[in-house]
Engineer: 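Could you have a look at this structure, given as structure tokens, before my questions?
The basis for the numbers below is simple: all heavy atoms, side chains too, and nothing from hydrogens, waters or symmetry mates.
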Amino acid sequence: MERRYVLKKPVPLRNYRVDYDRELNEEQREVVLAGGGPLLVIAGAGSGKTRTLVYRVSRLIESGTDPSRIVLLTFTNKASREMLRRVEALLTVDTRRLLGGTFHSVGNRLLRRFGVRVGLASNFTILDPEDARELLEASTSDRGIPVVERRFPKGDVLLDLYSSTINTGRPFSEVLGERAPHFSALEAEIAGVFQRYRERKRLGNACDYDDLLLLWKRLLDESPETAAQMAASYDHVLVDEYQDTNRLQGDLVDGMARVRRNVTVVGDDAQAIYSFRGASFENILGFPERYPDAKTYRLTTNYRSTPPILALANASIAHNVRQFPKDLRAAREGGVPPAVVALPDIPDQASFVAQRLLEWHDEGEKLSELAVLYRAHYQALELQIELTRRGIPYEIRSGMRFFEQRHVKDVLAFLRIVVNPKDELSWKRALKLFPRVGERAATAVWQAIGGRPDPLASFREREGAGGIELPRGAAAALQPFRSLLGRLESPSLRSSPAEAIRAVVDGVYRDFARAKFPNGDARLDDLEQFAQFAQSYDSLPAFLEEVTLFNELSGEDVVAGEADDDRVVLSSIHQAKGLEWSRVVVMGLSEGRFPSYRSANTDQGLEEERRLFYVAVTRAKNEVNLVYPMLARDRYGVDVILEPSRFLVELPADVYERWTIETEAVPEETPASEDVPSSNPDGPVN
């Protein structure tokens, strides 16, 4: 009987310059010192994910890997630069040879080298989103599509549909039905525009951002020689924020790791919240299936939050079925329990949040260490007004201040025309929303009516635009404008700003928003919330006056003694991911609003909403308040009872404390002594 015995070479003892034992905790150290092969690192919130990646890159270089044979893929160039700067600080080595950056920047560098093999010359031009939008609109024109006779999607919407189709790898008909079903009847025409768009890019030797990924994938799929050359050129592929990758990016990671299979992906499945941008939860969830020999590591020591905050976050996310189970453990001690607070209505919710911010500030917190988070931007409308009233400075991280947003200003322009027909700026803003009416045509209309005693009446006349040189079709396009102005002038709408806003939306703006903006439905939600806010006003002039004053104040007045940059942060939860504050309020936690009705229709959507709640809670270091209103008014002015979010209802009672709100009685003013009526009906005794 013969037996084989393998004589192994002794592994030399490594004398690392970096003291990994001292610099890392045990969980991080296991990842950093792990050998080759596929590695999945589930990095919980606040667990030192970036630190772990930085030290793994350092350790690979210290172990003899040439930096030029490492690929580091991130979601921002800033993150890549920061990681490489920290590696250089640890090792004093030049990391410029390392292929690091966003997927798009890495794709660009590879295509400059190999792009000729897929028909792309090395001096290709990259189209930014504005260039791509203009080229799509030019392609629409090339196709001769009558955009005036019917609403056809504008360049921004076309770009969103095109990009979503490319990045998700789904059929265009499926993407169209999900993101813009109101354009389903135009599917063939839109597909033709996309075909012409691709032709024009090819003729101009140009790439848009999506092509940087798509052509990189074509090199991996269609050119075996190039694929083998690229994959063999790199020993290690490391990916940050892996839970946010879309299907195309996931395929690129797998393609680059095909030969060496030394791929390290770091992310948190519990923070996968960007499916609306095309991110594929299946990339991280299915990693062990695609790599059966993968080793999975968990980073669960949280350095950010107190134990009570993490206890609530753990209890919430445990309700998700599709996940990598883990419990975050706090490196800190102590802390106050999260508070669940029910308020009578939406104005009271805003009042409570403002009061809590001031209380925390009085306790010594900088305003910039306080944040208010919400599911959707429109939920912050009343809060912005309340903060302005109280002189509390704030900054918006979820977009522009409510009254500064384009769609809000567009709708207000129609109302301002009715109140002040001499308002030239509002006339031009409203006019340019209609097909074939640009600056020149809008100016012509204004010059024809602006000098008349009643510009509004002049415009509404059947021949009101007579004698005005307008582009062909523009006069007909303005007919809905005349009809709308007739409705807005009625006494019923002049005394109901809420219904006036809805009349503008229903009459002209709904179709415009859906054709113009990729997030048209979200903007329409904003406008409905705006209308609900307006229900407490019974006069268009009074409403416009107050809205304008709020817009001018904008919460910019700084609390006495505070630095100019010390402001409370208001942010959507999506925008807050990756950030942290000392104390956080999560507001609007009512069923149907958070989770939203749209997202909670499927099990996958509901679980993503719960992950969103988890992200919100884990932004807080020291304290979190979870707030919801019990009443809201619908579009008919009827009070509607709101149930607390299921994310609150499903929490065990021992992970939070419930606050009962009492309204302080306002003491009556004591009249001055000389005004106090005498108890003697006959008057004072002389």
Engineer: Check whether Tyr197 forms a cation-pi arrangement with Arg200 (NZ or CZ under 6.0 Å from the six-membered ring centre, at most 45° off the ring normal).
Structural biologist: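 No - Arg200 does not lie over the ring of Tyr197 by the 6.0 Å and 45° rule.
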Engineer: How far apart are the C-alpha atoms of Glu608 and Gln604, what are their side-chain angles, what is the distance that settles it, and do they pass the side-chain hydrogen bond (donor to acceptor under 3.5 Å, both in side chains) test?
Structural biologist: CA-CA 6 Å; Glu608 180 161 334; Gln604 294 89 340; over 6 Å; no
Engineer: Please work out whether the ring planes of Phe530 and Phe533 are parallel, tilted or perpendicular, with thresholds of 30° and 60°.
Structural biologist: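 The rings of Phe530 and Phe533 lie parallel, inter-plane angle below 30°.
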Engineer: Whether the side chain of Gln379 engages the backbone of Arg375 through a donor-acceptor N/O pair (distance < 3.5 Å, no angle test) should be reported.
Structural biologist: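 Side chain of Gln379 to backbone of Arg375: a pair is present.
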Engineer: Would a distance-only check, ignoring hydrogens and angles, find a side-chain to backbone donor-acceptor pair under 3.5 Å from His574 to Ile273?
Structural biologist: yes
Engineer: Output the distance between atom CG (Leu485) and atom CZ (Phe414), rounded to the nearest 0.5 Å.
Structural biologist: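 Interatomic distance, Leu485 CG to Phe414 CZ, rounded to 0.5 Å: 7.5 Å.
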Engineer: Would the distance check show the side chain of Glu369 and the main-chain N or O of Trp581 forming a donor-acceptor pair, the cut-off being under 3.5 Å?
Structural biologist: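 No; zero donor-acceptor contacts below 3.5 Å.
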Engineer: CG/Leu488 to OG/Ser490 distance, rounded to the nearest 0.5 angstrom?
Structural biologist: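 It is 7.5 Å, given to the nearest 0.5 Å.
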Engineer: For the CD1 atom of Ile396 and the CD atom of Gln575, what is their distance to the nearest 0.5 Å?
Structural biologist: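 It is 11.5 Å, given to the nearest 0.5 Å.
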Engineer: May I ask you to say whether Asp244 pairs ionically with Arg277, meaning some side-chain N is under 4.0 Å from a carboxylate O?
Structural biologist: no
Engineer: May I ask you to establish whether Arg523 and Phe517 are in a cation-pi arrangement, using a distance under 6.0 Å from NZ or CZ to the six-membered ring centre and at most 45° from the ring axis?
Structural biologist: yes
Engineer: Taking side-chain contact (heavy atoms from CB on, under 4.5 Å) as the criterion, tell me which of Leu524, Val408, Asp526 meets it with Tyr378.
Structural biologist: Asp526
Engineer: Treating Glu609 as the side-chain partner and Ser599 as the backbone partner, does any N or O pair qualify as donor plus acceptor under 3.5 Å?
Structural biologist: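 Side chain of Glu609 to backbone of Ser599: no pair is present.
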Engineer: Parallel, tilted or perpendicular: which describes the rings of Tyr162 and Phe194, with under 30° parallel and over 60° perpendicular?
Structural biologist: perpendicular
Engineer: Quick check against the 3.5 Å criterion: does Ser495 have a side-chain atom that pairs as donor or acceptor with the backbone of Pro491?
Structural biologist: yes
Engineer: Verify the distance criterion only: is there a donor paired with an acceptor across the side chains of Thr165 and Arg179 at less than 3.5 Å?
Structural biologist: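 Distance-only check fails for Thr165 and Arg179.
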Engineer: Consider only side-chain N and O atoms of Gln355 and Glu359, and report whether a donor and an acceptor are under 3.5 Å apart.
Structural biologist: yes
Engineer: Are His407 and Tyr509 close enough, and set up right, to give a ring pair (Phe, Tyr, Trp, His ring centres under 6.0 Å), and what steps lead you there?
Structural biologist: CA-CA 9 Å; His407 50 292; Tyr509 206 76; 7.4 Å; no
Engineer: Would you check if His361 and Arg583 make a side-chain contact, meaning some heavy-atom pair closer than 4.5 Å?
Structural biologist: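 Heavy-atom side-chain distance check fails, nothing below 4.5 Å.
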Engineer: Kindly check if the number of other-residue, nucleotide or ligand heavy atoms within 6.0 Å of CZ (Arg487) is above 12?
Structural biologist: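 Check fails, neighbour count at 12 or below.
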Engineer: When you measure from the centre of the six-membered ring of Phe183, is the NZ or CZ of Arg514 closer than 6.0 Å and no more than 45° off the axis?
Structural biologist: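 Judged by the rule (NZ or CZ under 6.0 Å from the ring centre, within 45° of its axis), Arg514 is not positioned above Phe183.
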Engineer: Using 4.0 Å as the upper bound for N to carboxylate O, is an ion pair formed by Lys201 and Asp131?
Structural biologist: no
Engineer: Glu439 and Lys428: side-chain contact (heavy atoms from CB on, under 4.5 Å), yes or no, with the steps?
Structural biologist: CA-CA 8 Å; Glu439 181 65 33; Lys428 288 184 175 179; 3.9 Å; yes
Engineer: With a 3.5 Å distance limit and no angle check, can you tell me whether Ser596 reaches the backbone of Arg593 through a side-chain donor-acceptor pair?
Structural biologist: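 It does not hold such a pair.
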Engineer: What's the spacing between Ile417 CD1 and Leu484 CG if we round to 0.5 Å?
Structural biologist: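 Taking CD1 in Ile417 and CG in Leu484, the distance rounds to 9.0 Å.
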Engineer: Tell me, do Leu367 and Pro393 make a side-chain contact under 4.5 Å, heavy atoms counted?
Structural biologist: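 They are in contact (side-chain heavy atoms under 4.5 Å apart), so the answer is yes.
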Engineer: Under 4.0 Å between a side-chain nitrogen and a carboxylate oxygen: does that hold for Asp423 and Arg416?
Structural biologist: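 Salt bridge between Asp423 and Arg416, a charged N being under 4.0 Å from a carboxylate O: no.
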Engineer: Hey, mind stepping through Phe512 and Val508 against side-chain contact (heavy atoms from CB on, under 4.5 Å) and telling me if it holds?
Structural biologist: CA-CA 7 Å; Phe512 173 82; Val508 300; over 6 Å; no
Engineer: Test side-chain contact (heavy atoms from CB on, under 4.5 Å) on Ile449 and Trp446 and set out the steps.
Structural biologist: CA-CA 5 Å; Ile449 65 174; Trp446 175 250; 4.2 Å; yes
Engineer: Report the distance from atom CD of Gln535 to atom OG of Ser496, rounding to the nearest 0.5 Å.
Structural biologist: 7.5 Å
Engineer: Do the charged groups of Glu386 and Arg389 touch, with an N to O distance under 4.0 Å?
Structural biologist: yes
Engineer: Judged by modelled atom types alone, do Ser368 and Asp566 share a side-chain donor-acceptor pair under 3.5 Å?
Structural biologist: yes
Engineer: Mind checking whether Pro421 and Asp454 have side chains closer than 4.5 Å, heavy atoms only?
Structural biologist: yes
Engineer: Does the side chain of Glu382 reach to within under 4.5 Å of the side chain of Met587, using non-hydrogen atoms?
Structural biologist: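 Sidechains of Met587 and Glu382: no contact.
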Engineer: Using 4.0 Å as the upper bound for N to carboxylate O, is an ion pair formed by Arg143 and Glu189?
Structural biologist: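 Salt bridge: no.
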Engineer: Measure across Gly450 and Lys422 and return the closest heavy-atom pair with its distance rounded to 0.1 Å.
Structural biologist: O-NZ, 3.3 Å
Engineer: Within the 4.5 Å heavy-atom criterion, are Phe75 and Tyr274 side-chain neighbours or not?
Structural biologist: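 Not touching, per the 4.5 Å side-chain cut-off.
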Engineer: Given side chains that start at C-beta, do those of Val586 and Val624 come closer than 4.5 Å, heavy atoms only?
Structural biologist: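 A side-chain contact under 4.5 Å exists here.
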Engineer: Under a 4.5 Å cut-off applied to non-hydrogen side-chain atoms, are Tyr394 and Leu383 in contact?
Structural biologist: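 A side-chain contact under 4.5 Å is absent here.
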Engineer: Backbone N or O of Leu176 within a donor-acceptor pair of the Glu187 side chain at under 3.5 Å?
Structural biologist: no
Engineer: Look at the side chain of Ser141 and the backbone N and O of Glu137, then say whether any donor-acceptor pair between them is shorter than 3.5 Å.
Structural biologist: no
Engineer: Is there a side-chain contact (heavy atoms from CB on, under 4.5 Å) between Leu570 and Leu387? Walk through the geometry before answering.
Structural biologist: CA-CA 11 Å; Leu570 309 186; Leu387 295 180; 4.0 Å; yes
Engineer: Under a 4.0 Å threshold between the charged nitrogen and the carboxylate oxygen, would Arg397 count as salt-bridged to Glu395?
Structural biologist: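 Salt bridge: yes.
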Engineer: Any carboxylate oxygen within less than 4.0 angstrom of a Lys/Arg side-chain nitrogen, looking at Arg646 and Glu591?
Structural biologist: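 The answer is yes: the pair qualifies as a salt bridge.
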Engineer: What orientation do Phe647 and Phe594 show, parallel under 30°, tilted 30 to 60°, or perpendicular over 60°?
Structural biologist: perpendicular
Engineer: Given side chains that start at C-beta, do those of Val341 and Leu626 come closer than 4.5 Å, heavy atoms only?
Structural biologist: no
Engineer: Nearest 0.5 Å, what's the CG-CD distance between Leu589 and Gln349?
Structural biologist: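 So the CG of Leu589 and the CD of Gln349 are separated by 8.5 Å.
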Engineer: Spell out, as yes or no, whether a donor-acceptor pair under 3.5 Å connects the side chain of Arg133 to the backbone of Asp156.
Structural biologist: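 No, because the side chain of Arg133 does not come within donor-acceptor range (under 3.5 Å) of the backbone of Asp156.
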Engineer: If only atom types and distance count, is the side chain of Gln405 paired as donor or acceptor with the main-chain N or O of Phe402 below 3.5 Å?
Structural biologist: yes
